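Convention: sequence-line order gives letters A, B, ...; per-chain numbering from 1. Owing to the predicted nature of the structure, the values given are computational and were not obtained by experimental measurement.
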Number of protein chains: 2
Amino acid sequence: MARPSDSRQRLLDAALDLIWTQSFEGVSVDQICERAGVNKGSFYHFFPSKSELAVAAYEAGWQEWKLQYDAVFSLQSTPVQRLLDWGRLIRKHQQEIAAKYGRICGCPVSSMGTEMAGIDEKLRHVCQDLFERDLRYLESTIREAQTSGTAAPGDPHAIASSLQALTIGMLQQARIRNDLSVLDPLEESVCRLAGIPNPSR
Amino acid sequence: MARPSDSRQRLLDAALDLIWTQSFEGVSVDQICERAGVNKGSFYHFFPSKSELAVAAYEAGWQEWKLQYDAVFSLQSTPVQRLLDWGRLIRKHQQEIAAKYGRICGCPVSSMGTEMAGIDEKLRHVCQDLFERDLRYLESTIREAQTSGTAAPGDPHAIASSLQALTIGMLQQARIRNDLSVLDPLEESVCRLAGIPNPSR
DNA sequence: GCCTGAATATACTGACTGGTCAAATCAATT
DNA sequence: AATTGATTTGACCAGTCAGTATATTCAGGC
């Protein structure tokens, strides 16, 4: 009985695009609908509110992003290699996004999370949650590197947390300066923080 | 002939407060006026637009912040001590702000910069500019630490840039999680990045 | 005491906001 | 072919937005 439709998916895509390149409050429901080629009534057929659309869009975005994360953090490669691949993935991804949108966009979770943390508790929590998932990859990698003796000792949670903060901070600077070269010191600094020898020198 | 008034200053204060705790687009001119106890007509007497008010508010905010920076980065103390004091200043400041507003607010420059980078070129540039001023303190401190032999060698600009990114990233995480303990690994990670021995262990 | 211009006050604009609604459409099931 | 219900449509709210217009107030210089 259902009429097949990709309107819902188009709304998710449009929302992520627009919120990422601009901001949550800077983008109107009308804009999202126009980009998605969907009428406003349909919007509210699929989602109860603008916030709920954002929640769904970010959750869906993570599902895609997760595929690449699982590949990079594959247990097939050494912990050190995973960390380096992770940096490469981030840089490559930012390049693609910049080519698509014409400017450096940084991390969408960080952008919307910062913007909405003091305004919308639900959105704040979604972003916190996504960061925690990201953190788990890093923490277990650090832990494994330490037990295998390739990384200097230190609290794995604190180190992973620092790695995440460093990366997010760099992505944010890249967005504000609209310049990807901000990411240049990433690998070197990751190695220093994680206490592993830098393979590139 | 001028009627003395502190309306302008009250508008600057109100704007910084509201934009910091919420966001630029999430705060209306009416709200800013109400908080400042000023009528809308007066607002547009002093500032041509909401954006220009934000520019002025952030510039004025930096002037205050600069005093504390100059104290912390005084040439009286050793480079290492400056870096540690810097971390302490940031933590102390966040505590005060959190006590004032009831939640962790993070870095106002980073928040507004991220939000408006893709929307308002002027605001983007103001934030970029403020970060560059911050970076100069760090870079010259790193350089001095290296020449005095207390820090391991490495490109001072890249290291300072990483220190800045780490801090901004942590502040952002603290804002999103509304939890100051995110800053706990700050000193340790600063030492690792800067290549200096950690005095606290 | 009058003039000048900075400062205040408030009503107003037109565009836009997030969200609602009832009627229309259409594919799949029966 | 009739029924069903997911989907679409576009008009439509009431409220808010940034910014404007205009009249008024008031302190200092003369």
Tell me if a side-chain donor or acceptor on A:R10 pairs with a main-chain N or O of A:G37 at a distance below 3.5 Å. yes
What are the residues of residues 45-52 of chain A, sorted by number, that bring a heavy atom to within less than 4.0 Å of DNA chain D? A:H45, A:F46
Integer-rounded Å distance: C:dG19 P and A:L53 CG: 11 Å
Ionic contact status for B:E59 with B:R133, cut-off 4.0 Å: yes
Euclidean distance, atom CD1 of residue B:I119 to atom C1' of D:dA18 [Å, nearest integer]: 15 Å
Ranking B:G41 and A:G41 by the position along DNA chain C of their nearest nucleotide, the one closer to 5' is B:G41
Measure the distance from CZ on B:F43 to P on C:dC12 and round it to the nearest whole Å. 22 Å
Can you find a side chain N or O atom of A:N39 that sits less than 4.0 Å from OP1 or OP2 on D:dG10? yes
Side-chain heavy atoms of B:R8 within contact of B:V38, under 4.5 Å: no
Distance below 4.0 Å between B:Y44 side-chain N/O and D:dG19 OP1 or OP2: yes
Taking only residues at least two apart or on different chains, which pairs with a member in residues 156-171 of chain B satisfy salt bridge (Lys or Arg N to Asp or Glu O under 4.0 Å)? none
NA contact type, A:S42, heavy-atom cut-off 4.0 Å: base, sugar-phosphate, or nothing? base
Residue A:D30, side-chain atoms from C-beta onward, closest of D:dA18, C:dT17, D:dT8: C:dT17
Neighbour count >12 (heavy atoms, 6.0 Å) for atom CD, B:E96: yes
Report yes if the side chains of A:F24 and A:I119 come closer than 4.5 Å at any heavy-atom pair, otherwise no. no
Grab the NZ-P distance between B:K40 and D:dT24 for me, whole Å please. 22 Å
A:S28, nearest nucleotide to its side chain (from C:dT17, D:dT9, D:dC17): C:dT17
Return the value, rounded to whole Å, for the distance between atom CG of B:L11 and atom P of D:dG19. 14 Å
Check the angle between the aromatic planes of B:Y69 and B:Y137 and answer parallel, tilted or perpendicular using the 30° and 60° thresholds. perpendicular
Nearest-Å distance, CD1 (B:I32) to C1' (D:dG19)? 13 Å
Within this structure, what is the CG-to-C1' distance between B:L18 and D:dA18, rounded to whole angstrom? 16 Å
